[in-house]
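Since the structure comes first, as structure tokens, the remarks are kept for the end.
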Amino acid sequence: MSKRTSIALIDANNFFVSCERLFRPELVKRPVIVLSSNDGCVVSRSEEAKALGITMGVPYFKVRDLCDRHGVVAFSSNFDLYRDLSRRVMSVIRRFSDSVEVYSVDEAFAEVDVSPVYYEDFAVALRDEVMHVTGIPVAVGIAPTKTLAKVATHFAKPKRGGSGAHVFVQPADWLPMLEHVSVGDVWGVGYRLTPKLEAKGITTAGGLTRQDDRWIRKHMSVCGLRTVYELRGVRCFALGEEPELRKSLLHSQSFGRAAADKSTVHAAVSYHARKVAEVLRAEGAQARSVYVTIRTGRHGRERYSAFDGDTLPLATNDTLDIVGTASQVLERIFKPGVRYAKAGVLVRDIVPVGLQPQRTLFGETTRSRTTLMEALDELRHRFGDRIHIGSEKVGMSETEHWRAKHDRLSPRYTTRWSDIRTVGAGSA
DNA sequence: TCTGGGGTCCTAGGACCC
DNA sequence: TCTGGGGTCCTAGGACCC
């Protein structure tokens, strides 16, 4: 007898806002938003903020007046806090399932290993336990495929009148619901395909399931075909296995102010290269290809962007190697007279440490600096991100004006001793 | 003045080889 | 010298996700 399992999707409600509210309970029921890096765009909104018409991804400056008028509380992104709370939510989910795929900071898929008659109970218990342990509200959807689990979660959300749990077992459960899902809301149908589908008269997820396979394959590639199969209940996307080694790693940031001088851009590139090396070491990985990306703002009259890289003879996670390579690439692609607004460093061809000989043809060994890097990492853990390399500094008088602004940052309540909240007990 | 950061996969086309 | 099929590998670009 084959046991049919289903997939649960656990999705935190307005995650970043929920994290901020956890430590500022007086903000519950008030409009709250969280901004992206550089306080650029709105990336998370409370229901009250959504009701004011603040849309996802809107530039903050466009809604600042509206926010001021309605007393909307705006936070800069506090990723240390969100990452830590995410970790706690995921650990609760793992108590409910042996097979969990962390899909993003605020979402996870989990295998549901109970009989379908208990799906509803499972979803409700999971929702309540996450709330009880972490204080983060989540919605749980259960269905035979990932794409349908996304739809189920959609209907579980409080803003759609859901209770935080929604379950699809039979096609009769989901087929009528698909008529009420816009085709653009389907997981895997983005802003490019949506107008094409609508032009063909396909406006809902239900319409998509009735479409001819050959037409889908031709116009949406195999990716689209898989999505359509999943909506019909045929599983095409397996639950993610072990966290494989990542394929690429990017560290980048928009500048607080645009910069034209090479030393400033070089400082930013050096910083991102160092951060990339640190992440590689933390993950026990090395990379062979180092790329640099620099560009102007995307909205001004002046537009320039460049992306290029070098491949090293040996994979490395050494800060000085990666910074040095990135600096050489920057020399090639830097164009004088351009006002740059963003820089980043990306590495590819990532392998686990120890998978290659530590010696080149010429007998150079990369081992010699390993101890130095270990010492740097140790210093960083003890004293924070204060150890820089020389090229990150622009000059004595120059402030680091490429660094992003985050004027509305909340304290790092859970990851920094100095930011831990003090709670008074007894007399007030 | 002010528009994020970090990923994945697929496909077409070119280089190169037999 | 020219022609051509067929395979592999790499890369850039497109589309999607959060």
Side-chain angles (χ1 to χ4, degrees), chain A residues 9-12 14-16 33-44 55-65 67 74-79 82-83 86 101-109 146-147 150 153 183-197 217-227 230 236-238 240 243-258 268 272 275-276 279 288-289 291 293 295-300 303 305-309 311 339 341-350 401 403-408:
Chain A
L9 172 66
I10 303 93
D11 189 331
N14 314 328
F15 182 57
F16 297 171
I33 58 174
V34 175
L35 306 173
S36 64
S37 164
N38 247 327
D39 295 345
C41 299
V42 175
V43 290
S44 184
T55 53
M56 185 66 177
V58 67
Y60 181 46
F61 73 90
K62 285 190 179 173
V63 291
R64 181 171 282 165
D65 285 348
C67 289
F75 289 94
S76 301
S77 284
N78 187 342
F79 276 101
Y82 311 150
R83 258 193 298 269
S86 172
E101 176 192 351
V102 176
Y103 184 68
S104 74
V105 71
D106 68 340
E107 265 179 75
F109 291 103
K146 282 182 165 182
T147 308
K150 279 273 188 182
T153 306
V183 74
D185 286 341
V186 172
W187 190 48
V189 179
Y191 76 107
R192 306 301 289 243
L193 282 171
T194 303
K196 272 175 75 175
L197 292 169
R217 174 68 181 81
K218 181 151 181 274
H219 294 91
M220 300 172 68
S221 92
V222 295
C223 307
L225 195 55
R226 286 182 193 138
T227 294
E230 286 242 319
C236 297
F237 304 128
E244 302 139 30
L245 216 55
R246 60 163 87 240
K247 305 262 164 76
S248 66
L249 169 64
L250 171 71
H251 208 280
S252 70
Q253 200 166 52
S254 300
F255 296 167
R257 283 205 317 268
H272 294 306
K275 298 302 274 186
V276 161
V279 174
R288 273 194 73 194
S289 300
Y291 296 81
T293 164
R295 65 167 168 80
T296 58
R298 286 178 301 163
H299 303 275
R303 306 278 175 86
S305 71
F307 176 79
D308 201 4
T311 298
R339 297 180 70 246
K342 184 174 180 176
V345 171
L346 178 140
V347 289
R348 285 176 38 193
D349 303 324
I350 296 173
H401 71 242
R403 288 201 177 263
K405 291 191 287 267
H406 44 76
D407 297 335
R408 299 155 180 277

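Lettering of chains follows the sequences in order, A, B, ..., and the numbering in each one begins at 1. Values below: all heavy atoms of this structure, side chains included; hydrogens, waters and symmetry mates excluded.
For L249(A), taking side-chain heavy atoms from C-beta onward, the closest of the listed nucleotides dC18(C), dG4(B), dG7(B) is dG7(B). Counting only heavy atoms from C-beta on, S254(A) has its side chain closest to dG4(B) among dG4(B), dC18(C), dG7(B). Considering only the side chain of C41(A), dG4(B) comes nearest among dC17(C), dG4(B), dG7(B).
Between the CZ atom of R339(A) and the P atom of dT1(B) there is a distance of 11 Å, given to the nearest Å. H251(A) has its NE2 atom 10 Å from the C1' atom of dG6(B), to the nearest Å. Spacing between atom CZ of R257(A) and atom P of dC2(B) amounts to 11 Å, rounded to whole angstrom units. dG6(B) atom C1' lies 14 Å from atom CG of D106(A), rounded to whole Å. We find that NZ of K62(A) is positioned 11 Å from C1' of dC2(B), with the value rounded to whole Å. Y60(A) has its OH atom 18 Å from the P atom of dG5(B), to the nearest Å. Atom P of nucleotide dC18(C) and atom CG of D185(A) are separated by 10 Å, given to the nearest angstrom. Note: CZ (R64(A)) to P (dC2(B)) measures 12 Å, nearest angstrom.
Comparing H299(A) and S252(A) by the nucleotide of DNA chain B whose heavy atom lies nearest to each, the residue mapping closer to the 5' end is H299(A). A residue-by-residue look at C223(A) and Q253(A) shows that Q253(A) has its nearest nucleotide of DNA chain B further toward the 5' end.
The salt bridge (charged side-chain N to carboxylate O under 4.0 Å, His left out) search around R83(A) returns D80(A), not counting sequence neighbours. Shown here are the side chain to side chain donor-acceptor pair (under 3.5 Å) partners of T311(A), two or more places apart in sequence or in another chain: S289(A). Qualifying salt bridge (charged side-chain N to carboxylate O under 4.0 Å, His left out) partners for K146(A), counting only residues two or more places apart in sequence or in other chains: E101(A). For D308(A), the salt bridge (charged side-chain N to carboxylate O under 4.0 Å, His left out) partners at least two apart in sequence or on another chain are R332(A).
Here R217(A) lies in heavy-atom contact (under 4.0 Å) with sugar-phosphate atoms only. Note on K196(A): nothing from the nucleic acid sits closer than 4.0 angstrom, heavy atoms only. Within the nucleic acid shown, V105(A) has no heavy atom closer than 4.0 Å to any nucleic acid atom.
A donor-acceptor pair is defined here as one N or O able to donate and one able to accept, closer than 3.5 Å; such a pair exists between the side chain of N38(A) and the backbone of S254(A). Remark: side-chain polar atoms of D39(A) are paired, donor with acceptor, to backbone N or O of D407(A) under 3.5 angstrom. A donor-acceptor pair under 3.5 Å links the side-chain atoms of S36(A) to the main chain of C41(A), judged by distance alone. In terms of modelled atom types and a separation under 3.5 Å, the side chain of S77(A) and the main chain of L35(A) share a donor-acceptor contact.
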Using Watson-Crick and G-U wobble pairs whose two distances are both under 3.5 Å, how do you write the pairing of DNA chain C as dot-bracket, with | for links to another strand?
....||||||||||||||
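When all heavy atoms are compared, the tightest approach of R303(A) to T296(A) is CA-OG1, 3.3 Å.
Taking atom P in both dT3(B) and dC18(C), the straight-line distance is 24 Å, to the nearest Å.
No more than 12 heavy atoms of other residues, nucleotides or ligands sit less than 6.0 Å from atom CZ of R339(A).
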Nucleotide by nucleotide, 5' to 3', does protein get under 4.0 Å of the base (B), only the sugar-phosphate (S), or neither (-) in nucleotides 11-16 of chain C, counting heavy atoms?
----SS
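For dC10(B), the OP1/OP2 oxygens have no side-chain nitrogen or oxygen of S221(A) closer than 4.0 Å. Side-chain N/O atoms of K342(A) include none lying less than 4.0 angstrom from OP1 or OP2 on dT3(B). Contact annotation: K247(A) reaches the phosphate of dC9(B) (side-chain N/O to OP1 or OP2, under 4.0 Å).
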